[in-house]
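Since the structure is predicted, the reported quantities are computational estimates derived from the model, not experimental observations. A note on names: the letters A, B, ... follow the listed sequences, proteins ahead of strands, and every chain is numbered from 1.
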Number of protein chains: 2
Amino acid sequence: MAEKAPKKKKMREEVLERSVPLFATVGFDGVSMRDIAAAVGVTPAALYHHFSDKEQLYLDAVGYAFEEKVGPLKTLLDGGGNPWERIEAFITRLANLLAAERDFLRLMQWVLLDSDERRQRSLVDCVFRDLFNALRDFAAELAPGHDAHRLAVSIIGLVLYPFETQSVRRFLPGYTHQQEDPEAIARHIVGLLRNGLGGINEENP
Amino acid sequence: MAEKAPKKKKMREEVLERSVPLFATVGFDGVSMRDIAAAVGVTPAALYHHFSDKEQLYLDAVGYAFEEKVGPLKTLLDGGGNPWERIEAFITRLANLLAAERDFLRLMQWVLLDSDERRQRSLVDCVFRDLFNALRDFAAELAPGHDAHRLAVSIIGLVLYPFETQSVRRFLPGYTHQQEDPEAIARHIVGLLRNGLGGINEENP
DNA sequence: GTCTATATGATGATAGAC
DNA sequence: GTCTATCATCATATAGAC
């Protein structure tokens, strides 16, 4: 009796894991409880034993997708040492994360578009707040003369936008596969933050 | 008979005008034909006399919302003269547009998240392509040493992100109403592009 | 061109057997 | 804890009267 069946406790987690890509792809309104149930391999009724309703399942799924993702990122900013080295490490890590975990990015986009204020607020509380605060505090240290809040927004936008727009840039001329390389994106952004466009060319240093 | 009834021809446009804020707020899946019909003041069946189906109504609504918005923006980039003056004018105009027309921004976000590839492509064709190409060509002129495509993405991201994230930043500390001032946002971005963070402080020049 | 009425199916959620 | 069966409601879309 010391050994419990390992399968039993995992049902709830299994639901979350399977529903994350669904919500990430088509959003809250685009996913039905039937879809999730089918992805898990149960009937829709079974889901209601683990989650009170669809909204709670969604909130838990988003929280599940973000936990253990934002923590390590925040740590990169907290450490001491050269601020420019830290911001470069943060940007590089974030770019690699976004490139590898596409669901992560899309869930963030869905949160930004959520029109249910109560739901959006609870998502922000569990997902965005800590990381944004850490980045804003770091921005204040990195560039004391600038508005830290505004600068934090700029940094996040610079990193996220290449990935957010990838699905449409595919169709545009001048698009090459290598433009999605997270390391190259990070170098581009750090160069921009350091010197603006007046600095040394990134292509011909 | 030389004078036609001015009301008759406007029905189609009326539907588009009323449906744009609905689609902008809750997206394609969040709006029903009943919602649109109610907003216009007709029955759902009447909508099908003007649009073959919901998707066509959506595509036309997005096109309607973007026409006469992107054209003037593109013109700002095409003109000759000092490139830095032109990019500043473009960024300032775009920021003011985004601040004034919230539906415009949200529709763009929905397009970026659209999981229907055929639909997304047709939206990109009628909405994004021209403006992005103009900006990319301009970026090539502004900073010949940089990857023009990448730089165009960075510029768009810098301008759009303060507005895209406004709905969640409301809940975060350090948020002040004045951070949404499009003129201040534009100055911040131009300063960043010119000098990076190493330049003269924007707050204490 | 808009209406009433309706076909047809998907949706979130629940009751009760096992 | 999961199932079958079902409810009530909502969805897109159409047919045909006016």
Side-chain angles (χ1 to χ4, degrees), chain A residues 1 3-62 64 110 114-116 118-119 122-123, chain B residues 1 3-62 64 110 114-116 118-119 122-123:
Chain A
M1 56 182 107
E3 297 177 9
K4 296 172 187 170
K7 277 283 181 58
K8 213 48 169 296
K9 271 277 189 60
K10 298 223 295 181
M11 183 56 199
R12 183 191 166 86
E13 217 173 298
E14 175 83 3
V15 173
L16 296 177
E17 198 162 317
R18 302 268 185 181
S19 62
V20 162
L22 296 179
F23 284 125
T25 304
V26 288
F28 181 81
D29 289 326
V31 179
S32 70
M33 296 297 271
R34 283 169 168 78
D35 295 335
I36 298 170
V40 177
V42 296
T43 60
L47 299 176
Y48 288 90
H49 185 79
H50 303 276
F51 306 92
S52 60
D53 55 18
K54 183 187 175 184
E55 176 156 327
Q56 194 57 55
L57 199 165
Y58 173 70
L59 292 174
D60 291 350
V62 175
Y64 177 82
W110 288 114
D114 202 324
S115 55
D116 183 310
R118 216 189 79 260
R119 189 170 58 196
S122 83
L123 291 166
Chain B
M1 55 184 107
E3 298 176 9
K4 297 171 188 170
K7 277 281 181 59
K8 213 47 170 297
K9 271 278 188 61
K10 298 222 295 181
M11 182 57 198
R12 184 192 167 87
E13 217 174 297
E14 175 84 4
V15 173
L16 295 177
E17 197 161 317
R18 302 267 186 183
S19 62
V20 162
L22 296 179
F23 284 125
T25 304
V26 287
F28 181 81
D29 288 328
V31 178
S32 70
M33 295 298 268
R34 281 171 163 76
D35 296 333
I36 297 170
V40 176
V42 296
T43 60
L47 299 176
Y48 289 90
H49 184 79
H50 302 276
F51 305 93
S52 60
D53 55 18
K54 183 187 175 183
E55 176 155 326
Q56 193 56 55
L57 198 166
Y58 173 70
L59 292 175
D60 290 351
V62 175
Y64 177 82
W110 287 114
D114 203 323
S115 55
D116 183 310
R118 215 188 81 261
R119 189 169 57 196
S122 83
L123 291 167

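Interatomic distance, CD1 of B/I36 versus CG of B/L57, reported as 5.0 Å (0.5 Å rounding).
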Going 5' to 3' through nucleotides 2-15 of chain C, assign each nucleotide B (protein heavy atom under 4.0 Å from a base atom), S (under 4.0 Å only from sugar-phosphate atoms) or - (no protein heavy atom that close).
BBB------BBBBB

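The end-to-end axis angle of the helix from C/dG1-D/dC18 to C/dC18-D/dG1, rounded to 10 degrees and based on five pairs per end, is 0°.
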Criterion side-chain contact (heavy atoms from CB on, under 4.5 Å) on B/L59 and B/F51, from CA distance to verdict:
CA-CA 10 Å; B/L59 292 175; B/F51 305 93; over 6 Å; no

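Sorted by first and then second residue, the ring-ring contact (aromatic ring centres under 6.0 Å, His included) pairs with a member in residues 26-46 of chain A read A/F28-A/Y58; sequence neighbours excluded. Sequence neighbours left out, the pairs with a member in residues 17-35 of chain A that pass side chain to side chain donor-acceptor pair (under 3.5 Å) are A/E14-A/R18, A/E17-A/Y64, A/S32-A/D35. Applying the side chain to side chain donor-acceptor pair (under 3.5 Å) test to residues at least two apart or on different chains, none of the pairs has a partner in residues 40-51 of chain A. Screening residues 53-62 of chain B for salt bridge (charged side-chain N to carboxylate O under 4.0 Å, His left out) gives B/R12-B/D60, B/E55-B/R118, B/E55-B/R119 as the qualifying pairs, with residues at least two apart or on separate chains.
Side-chain atoms of B/L123 and B/W110, non-hydrogen and from C-beta on, never get closer than 4.5 Å to each other.
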